[in-house]
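Counting starts at 1 for both ligands and their atoms, in listed order. Everything numeric here is computed off the predicted structure, so don't read it as measured data. Below, each value reflects all heavy atoms present in this structure, side chains not excepted, and no hydrogens, waters or symmetry copies.
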Amino acid sequence: MGRVYNFSAGPSMLPLAVLEKAQQEFLDYRGTGMSVLEMSHRSSAFSEIIAQAEALLRELMNIPDTYQVLFVQGGASLQFSMVPLNLFKAGTADYIHTGSWSKKAIAEARKYGHVHVASSSENQNFTYIPDVHDLRPEADYVHITTNNTIEGTVFTKLPDTGSVPLVADMSSNILSQVYDVSKFGVIYAGAQKNIGPAGLTVVIIREDLIGHAQKECPTMLNYSTHVKHSSLYNTPATYSIYMAKLVFEWLKQQGGVEAMEEKNRKKAALLYDFLDESKLFSSPVLSDYRSIMNIPFMTPTAELDAAFLQGAKAQGLETLKGHRSVGGMRASIYNAMPIEGVEQLVSYMKTFEKNYR
Ligand SMILES: *Cc1c(COP(=O)(O)O)cnc(C)c1O
């Protein structure tokens with residue numbers, strides 16, 4: 001079987017055990033005589049799938065009962081609009097600007113109200129997470145991007161927002177490390193990085209933040225709609241929800257988020273330790289803020305980067321090209337990337353360095 005180690009930032013690798021389970025159940029889901037792909041979202045079999053997906057996520061993230069879990073569509077990008085449409089009351093919010101995704105979130109929120117950029121790391125190309133000190137008590141919420149997928153940075157300490165709800169785009173590091181959900185008002189994440197296939201977006205929202213949408217807010221963009229109908233107001237991304245359920249089961253078998261975090265830190269350390277000793281490869285990110293999910297690195301020249309990428313592909317190390325805004329390479333090593341994949345990458349980097357210096 002010719003499976004590669006796929007370092008794609010998203011859609012990204014899924015655990016092999018999950019793909020195999022889906023394959024087993026593909027044609028005839030547990031004696032129903034049909035595929036989940038063909039199943040009514042109102043059938044009892046699917047009701048059980050979505051209920052289990054929610055219960056497993058609640059268990060894995062220790063989500064308090066005062067929070068609703070929603071399975072919606074539109075990606076994290078639609079949350080850039082749904083958050084302001086639902087959370088603006090005074091019509092003003094604080095955003096921490098840490099990269100390309102926060103830039104898009106800010107641009108959307110500005111369509112509906114006032115955005116105050118409380119701090120930004122744009123001055124140094126988003127290679128660090130700025131200190132946060134300019135938060136305003138009158139803000140309706142504070143928005144952060146916990147892990148910056150493109151730049152490879154992570155908030156190692158959450159900002160203290162007092163009684164102002166903290167809203168987090170957790171697309172690229174949800175379920176990769178332990179977070180205390182009660183510290184957040186809203187957490188949202190596109191599924192295609194650490195949860196499952198594309199087409200599904202997970203929203204975790206504190207109940208007191210539901211029911212205050214702007215009058216013009218479209219029905220489909222109102223969190224209340226999805227809460228009232230348990231994510232079944234319209235046809236949800238049924239197969240993606242099923243796959244997410246399988247991933248949650250797998251995560252539980254792996255020992256849960258705490259065990260996964262330990263593995264993820266080990267995987268990331270393998271790569272960072274080599275980057276720190278290498279004379280050829282370097283990391284653009286300040287060491288205090290390095291992501292354990294997305295790791296950009298580069299050689300001194302674009303020509304060497306290209307040669308590196310070509311050789312990597314030949315060895316089954318795929319999709320390592322960096323984002324065009326950063327250049328070089330990027331290894332996305334989400335939960336489903338086994339440690340062997342990172343070991344092979346580092347081993348190839350060592351060989352490449354010997355041959356090209
Ligand atoms: C991928 C990503 C997005 C965009 O997600 P879509 O689901 O494609 O809309 C937004 N924010 C972050 C942090 C991401 O990694």
One pair to check against side chain to side chain contact (heavy atoms under 4.5 Å, CB included): Val167 and Gln79. What are the steps and the verdict? CA-CA 11 Å; Val167 175; Gln79 294 307 308; over 6 Å; no
Parallel, tilted or perpendicular, as decided by the 30° and 60° cut-offs, for the rings of Tyr239 and Phe26: perpendicular
Is there any N or O on Ala76 that sits under 3.5 Å from an N or O of ligand 1? yes
State yes or no: do Leu251 and Ile50 share one hydrophobic cluster built from I, L, V, M, F, W and Y residues joined by side-chain heavy-atom distances below 4.5 Å, directly or via other members? yes
How far apart are the C-alpha atoms of Ile187 and Tyr67, what are their side-chain angles, what is the distance that settles it, and do they pass the side chain to side chain contact (heavy atoms under 4.5 Å, CB included) test? CA-CA 10 Å; Ile187 293 170; Tyr67 286 69; over 6 Å; no
Ring center gap for Tyr141 and Tyr95 short of 6.0 angstrom: yes
Examine the proximity of ligand 1 to Phe80 and report which part, side chain or backbone, both or neither, has a heavy atom under 4.0 Å away. side chain
Asp180 side chain to Ser182 main-chain N or O, any donor-acceptor pair under 3.5 Å? yes
From the options Gln192, Lys104, Met170, Lys193, select the one whose nearest heavy atom is closest to atom 14 (C) of ligand 1. Lys193
What residue and heavy atom of the protein are closest to atom 15 (O) of ligand 1, and at what distance? Thr149 OG1, 2.4 Å
Which heavy atom of the protein is the closest neighbour of atom 9 (O) of ligand 1, given with residue, atom name and distance? Ser77 OG, 2.6 Å
For Asp169, the ligand 1 atoms with a heavy-atom partner under 4.0 Å come out as 10 (C), 11 (N), 12 (C), 13 (C)
Would you mind running through ligand 1 and noting each atom that sits below 4.0 Å from a heavy atom of Thr145? 13 (C)
